[in-house]
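These numbers come from the heavy atoms of this one structure, side chains and all, not from hydrogens, waters or symmetry mates. Counting begins at 1 with the first residue of the sequence. None of the values given here were measured: they were computed from a predicted structure.
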Amino acid sequence: MNKRVLLDRFHLLTYAMTIVGWALLIYALIVFDNARPEMATVVTNYFGIDVRQNWLRDVYDRLKFLLWFCAVSSFLTLIFNYILKVTHRERISMAILLLFVVSAAAISLLLILNPTAI
């Protein structure tokens with residue numbers, strides 16, 4: 001196989017992993033919205049509507065798994081991207097670096113706050 005064709009496939013793999021990582025992060029935001037407690041507003045208080053005051057444990061566990069998967073996959077993609085940079089003088093993708101930073105920050109926040117212990 002031609003070296004350039006292999007390099008192009010390697011690029012496509014890193015781009016595909018980046019797109020999948022961002023899609024999973026967006027899905028994690030949706031899961032976060034479902035896992036957190038419901039917000040009590042003036043309207044819910046006025047009409048006496050019950051709102052959930054605790055985190056849903058199984059949805060919270062799914063959120064943690066998604067964030068860890070995003071962090072690990074983006075870290076692996078960063079390694080692939082670094083190998084491309086060193087061997088073929090390609091550039092480092094800022095999108096995958098941002099994905100890693102965002103998912104690592106979200107994991108850190110969840111571990112520090114530990115909302116299910118409340």
Can you tell me how far the [atom1] atom of [X] sits from the [atom2] atom of [Y], to the nearest 0.5 Å?
X      : Y      : atom1 : atom2 : answer
Ser74  : Asn81  : OG    : CG    : 11.5 Å
Leu66  : Ile26  : CG    : CD1   : 12.5 Å
Leu24  : Leu29  : CG    : CG    : 11.5 Å
Trp55  : Asp61  : CH2   : CG    : 11.5 Å
Asp33  : Ile30  : CG    : CD1   : 8.5 Å
Ile107 : Ile112 : CD1   : CD1   : 12.0 Å

Tell me the closest heavy-atom pair linking [X] and [Y], and the distance in Å.
X      : Y      : result
Ser103 : Ala71  : OG-CA, 3.4 Å
Ser73  : Thr77  : O-OG1, 2.8 Å
Leu67  : Ala106 : CD1-CB, 3.8 Å

Checking Phe80 now: which residues fulfil side-chain contact (heavy atoms from CB on, under 4.5 Å) with it, not counting sequence neighbours? Phe10, Leu13, Thr14, Met17
Who are the side-chain contact (heavy atoms from CB on, under 4.5 Å) partners of Leu56, not counting sequence neighbours? Arg52, Asp58, Val59
Contact between [X] and [Y] at the side-chain level, heavy atoms closer than 4.5 Å - yes or no?
X      : Y      : result
Arg62  : Tyr27  : yes
Asn54  : Pro37  : no
Leu98  : Val102 : yes
Leu110 : Tyr60  : yes
Asp8   : Leu12  : no

Check this for me: Trp22, atom CH2, are more than 12 non-hydrogen atoms of other residues, nucleotides or ligands nearer than 6.0 Å? yes
Do any N or O atoms from the side chain of Asn45 and from the backbone of Thr41 form a donor-acceptor pair under 3.5 angstrom? yes
So, the side chain of Thr44 versus the backbone of Ala40: is there a donor-acceptor pair under 3.5 Å, distance only?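 Answer holds: no.
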With a 4.5 Å cut-off on side-chain heavy-atom distances among I, L, V, M, F, W and Y, is there a chain of contacts connecting Met94 to Leu25? yes
Leu97, Ile83: one ILVMFWY side-chain cluster at the under-4.5 Å cut-off?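 Cluster IDs for Leu97 and Ile83 match.
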Tell me whether the rings of Phe100 and Phe75 are parallel (<30°), tilted (30 to 60°) or perpendicular (>60°).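 Tilted, since the angle between the ring planes falls between 30° and 60°.
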